[in-house]
A.B. asks: 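Okay, handing you the structure first.
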2 protein chains.
Amino acid sequence: MKGVDLLKKIINSKQTLVLFANCSVSYNGRAKSFLGKGDRLIIIKSDSTILIHQPVGNNPINYMKQDTQFEIKGSTLYAYNSKEYLDIELHEIYSILNKELKDPQKLELHGTEKHMSDMIYDNPDCIEKGFKPLSREEHTKYGFIDVFGHDSNNNLTVIECKRFTATLDAVTQLRRYVEKIGSLKGVKGVRGIMAAPNISPNAKQMLEDYGYEYRKVDPPEHYGKHRRDQVSLDSF
Amino acid sequence: MKGVDLLKKIINSKQTLVLFANCSVSYNGRAKSFLGKGDRLIIIKSDSTILIHQPVGNNPINYMKQDTQFEIKGSTLYAYNSKEYLDIELHEIYSILNKELKDPQKLELHGTEKHMSDMIYDNPDCIEKGFKPLSREEHTKYGFIDVFGHDSNNNLTVIECKRFTATLDAVTQLRRYVEKIGSLKGVKGVRGIMAAPNISPNAKQMLEDYGYEYRKVDPPEHYGKHRRDQVSLDSF
DNA sequence: GGGGAGAGATGCCGC
DNA sequence: GCGGCATTTCTCCCC
């Protein structure tokens, strides 16, 4: 089939490879899947990561991580490692593009939950007046705690923070920490505080059932508000 | 810059578009990020999803989901919706590939947690002799339960299943369900059983602390064991 | 390498 | 739309 010989040449060339093709895909590994005939975008990276994308959607429909081996037999591309198998039956290759890409950069990311717990640690008054944080990310056998300290009456206080809506899971997490701290330090009446910009109704209910408290705390910056004034509507 | 005019033409053409380019990327939306100059693969899908991939790694380094607007001004590609902004400064375009892809297929996926809870429902003896399942995915205000039923002594029994290793989170989930069922039905001594092929040591400890039980249950099929005999070592 | 938890998580289903 | 939760989650950090 047209393109297969070229594909064989470059498949292990440490270049990044892009393929428009009509194909069927089957996967067997952590789960099992089959995808019938259709046009897709197949990407093979220089670290042998393979991604198969349909023309719509955010995520690859099939994929395998780095350290994948490739073989082409007939018009089928086999990708496999020790535990997983991906078979791509190529019905037609529309085009192939390949290039050695050089990219030394790493992403700088801001506005994570870590930044939020740092903000609480540095500005404890946003929780309540007199709160004195003792540590960040206290490790316990039952998990680790975002922020941990004393309130103005010297009660041990555990804070769990979430960047967005606090869910049932977040409340059970908080509960686990409060109980663990209580048993570790041998005290009762450890306070639990959920710090988040929002909380779901059921999570709020559960929080109150356990005698814990909710504090509305916005993330360090409000990240949706940035306006790019340099883009005007008539830029075309 | 070379390629920019072609890019302007096809950027809103409902085709799937692939670009090898040297670029810098900044993002502002749910978080904030910056990525310095490097060679990347940029993908724009027919639903206006945009993905930026570095030459290594499984995941896109930056992305925006469908319903993104695009504008090109100078040599910068602006992608944005109502809440997020992605600016791609193009330093050099190496190549552009575009094609209308037609793909009507949906993925068939087997071997999920749903399949596992179905298996337990249909083969309750894999939990213990005499277990009688009553329902799958029982919805409660505190979450929904995988499998729920009576043991041979007519005790209410809640089962949480996991496809792989059961973690601390899984145990807190189980606990939440057991307590909710107990208070809903007004009974004590509701049993909690974690069904999974593995459990982490801390999760096991916590499970026992709460008086719950672990059952080693393998998924419906053992998915790592499939051998593709059609691939031989000398296929090149 | 395993455990624990966040993620710009994403995607699915249910209400 | 939000809520709850699985995911072939992935990734990072830390023991």
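Lettering of chains follows the sequences in order, A, B, ..., and the numbering in each one begins at 1. Computed from heavy atoms alone, side chains included, the values below leave out hydrogens, waters and symmetry copies.
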A.B. asks: A side-chain contact here means heavy atoms from C-beta on lying under 4.5 Å apart; do B:Met206 and B:Thr172 qualify?
C.D. replies: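 The answer is yes, as the side chains (C-beta and beyond) meet within the 4.5 Å cut-off.
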A.B. asks: Just by distance, no angles: are the side chains of A:Asp169 and A:Gln173 close enough, under 3.5 Å, to form a donor-acceptor pair?
C.D. replies: no
A.B. asks: Write down the distance separating the C1' atoms in D:dA6 and C:dA7, rounded off to the nearest Å.
C.D. replies: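 Going atom to atom, C1' in each nucleotide, I get 15 Å.
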A.B. asks: Atom CG in A:Leu35, atom SG in A:Cys23: separation rounded to 0.5 Å?
C.D. replies: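 A:Leu35 atom CG to A:Cys23 atom SG measures 7.0 Å (nearest 0.5 Å).
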A.B. asks: Of the candidate nucleotides D:dA6, D:dT8, C:dA7, which contains the atom at the shortest distance from the side chain of B:Glu160?
C.D. replies: D:dA6
A.B. asks: Look at atom NZ of A:Lys106 and say whether more than 12 heavy atoms of other residues, nucleotides or ligands are closer to it than 6.0 Å.
C.D. replies: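 For A:Lys106, atom NZ is not crowded (no more than 12 foreign heavy atoms under 6.0 Å).
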A.B. asks: Pair A:Leu77, A:Phe70 - check side-chain contact (heavy atoms from CB on, under 4.5 Å), show working.
C.D. replies: CA-CA 7 Å; A:Leu77 168 59; A:Phe70 298 103; 4.1 Å; yes
A.B. asks: Tell me which of B:Ile199 and A:Gln173 sits closer to the 5' end of DNA chain C, going by the nucleotide each one is nearest to.
C.D. replies: B:Ile199
A.B. asks: Say you pick atom P in C:dG4 and the same atom in D:dT8; how far apart are they, in whole Å?
C.D. replies: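 These two P atoms come out 22 Å apart once rounded.
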A.B. asks: Between C1' on D:dA6 and CZ on B:Phe164, what's the gap in Å once rounded to a whole number?
C.D. replies: 12 Å
A.B. asks: Using a heavy-atom distance cut-off of less than 4.0 Å, which residues of residues 39-65 of chain A contact DNA chain D?
C.D. replies: A:Ile61, A:Asn62, A:Tyr63, A:Lys65
A.B. asks: What integer distance in Å separates A:Lys162:NZ from C:dG8:P?
C.D. replies: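 For the pair A:Lys162 NZ and C:dG8 P, the rounded distance is 13 Å.
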A.B. asks: Among D:dT7, C:dG4, D:dG4, find the nucleotide with the atom closest to the side chain of B:Thr112.
C.D. replies: D:dT7
A.B. asks: In whole angstroms, how far is the P atom of D:dC12 from the CD atom of A:Glu113?
C.D. replies: 17 Å
A.B. asks: At under 4.0 Å between heavy atoms, what does B:Lys204 touch on the DNA or RNA strands: base, sugar-phosphate, or nothing?
C.D. replies: nothing
A.B. asks: Does a side-chain N or O of A:Arg176 approach OP1 or OP2 of C:dG4 to a distance below 4.0 Å, or not?
C.D. replies: no
A.B. asks: Going by side-chain contact (heavy atoms from CB on, under 4.5 Å), name the residues that satisfy it together with A:Pro55, two or more places apart in sequence or in a different chain.
C.D. replies: B:Thr16, B:Ser46, B:Leu101, B:Asp103
A.B. asks: Can you tell me how far C1' of C:dG8 sits from CD of A:Glu108, to the nearest Å?
C.D. replies: 16 Å
A.B. asks: Whole Å only: how far is the CG atom of A:Leu107 from the P atom of C:dG8?
C.D. replies: 8 Å
A.B. asks: Would you say B:Tyr177 places a side-chain N or O within less than 4.0 Å of OP1 or OP2 belonging to D:dC5?
C.D. replies: yes
A.B. asks: Are OP1 or OP2 of C:dA9 and a side-chain N or O of A:Arg163 less than 4.0 angstrom apart?
C.D. replies: yes
A.B. asks: Between C:dC13 atom C1' and B:Leu109 atom CG, what is the distance in whole Å?
C.D. replies: 15 Å
A.B. asks: Taking atom C1' of C:dC12 as reference, at what distance in whole Å does atom NE2 of B:His115 sit?
C.D. replies: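 Whole-Å distance recorded here is 14 Å.
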A.B. asks: Looking only at the side chain of B:Ser200 (C-beta and beyond, no hydrogens), which of the listed nucleotides D:dC5, C:dG8, C:dG3 gets closest?
C.D. replies: C:dG3
A.B. asks: Ignoring backbone atoms, test whether B:Arg30 places a side-chain nitrogen or oxygen under 4.0 Å from the OP1 or OP2 oxygen of C:dT10.
C.D. replies: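 True: B:Arg30 side-chain N/O within range (under 4.0 Å) of C:dT10 OP1/OP2.
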A.B. asks: Name the orientation class of the two ring planes belonging to A:His115 and A:His110 (parallel below 30°, tilted from 30 to 60°, perpendicular beyond 60°).
C.D. replies: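 A:His115 vs A:His110 ring planes: tilted.
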A.B. asks: Name the stems that DNA chain C belongs to, where each is three or more consecutive Watson-Crick or G-U pairs with both distances under 3.5 Å?
C.D. replies: C:1-7 with D:9-15, C:9-15 with D:1-7
A.B. asks: Quick one: label B:Thr167 by what it contacts on the DNA or RNA (base, sugar-phosphate, nothing), any heavy atom closer than 4.0 Å.
C.D. replies: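 Touches nothing.
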A.B. asks: May I ask you to say whether A:Glu213 pairs ionically with A:Arg215, meaning some side-chain N is under 4.0 Å from a carboxylate O?
C.D. replies: yes
A.B. asks: Between B:Lys45 and A:His53, is there a side-chain donor-acceptor contact under 3.5 Å, judged purely by atom types and distance?
C.D. replies: yes
A.B. asks: Would you find a donor on one side and an acceptor on the other, under 3.5 Å apart, between the side chain of B:Asp39 and the backbone of A:Lys102?
C.D. replies: yes
A.B. asks: Rounded to the nearest angstrom, tell me the gap between atom CG in A:Asp169 and atom P in C:dA5.
C.D. replies: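 In whole Å, C:dA5 P lies 11 Å from A:Asp169 CG.
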A.B. asks: Using the C1' atom as the reference point in each nucleotide, state the distance between C:dA5 and D:dT7 in Å, no decimals.
C.D. replies: 15 Å
A.B. asks: Report the residue from A:Lys65, A:Gln69, A:Met64 that forms a side chain to side chain contact (heavy atoms under 4.5 Å, CB included) with A:Asn81.
C.D. replies: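 In the set A:Lys65, A:Gln69, A:Met64, the residue that makes a side chain to side chain contact (heavy atoms under 4.5 Å, CB included) with A:Asn81 is A:Met64.
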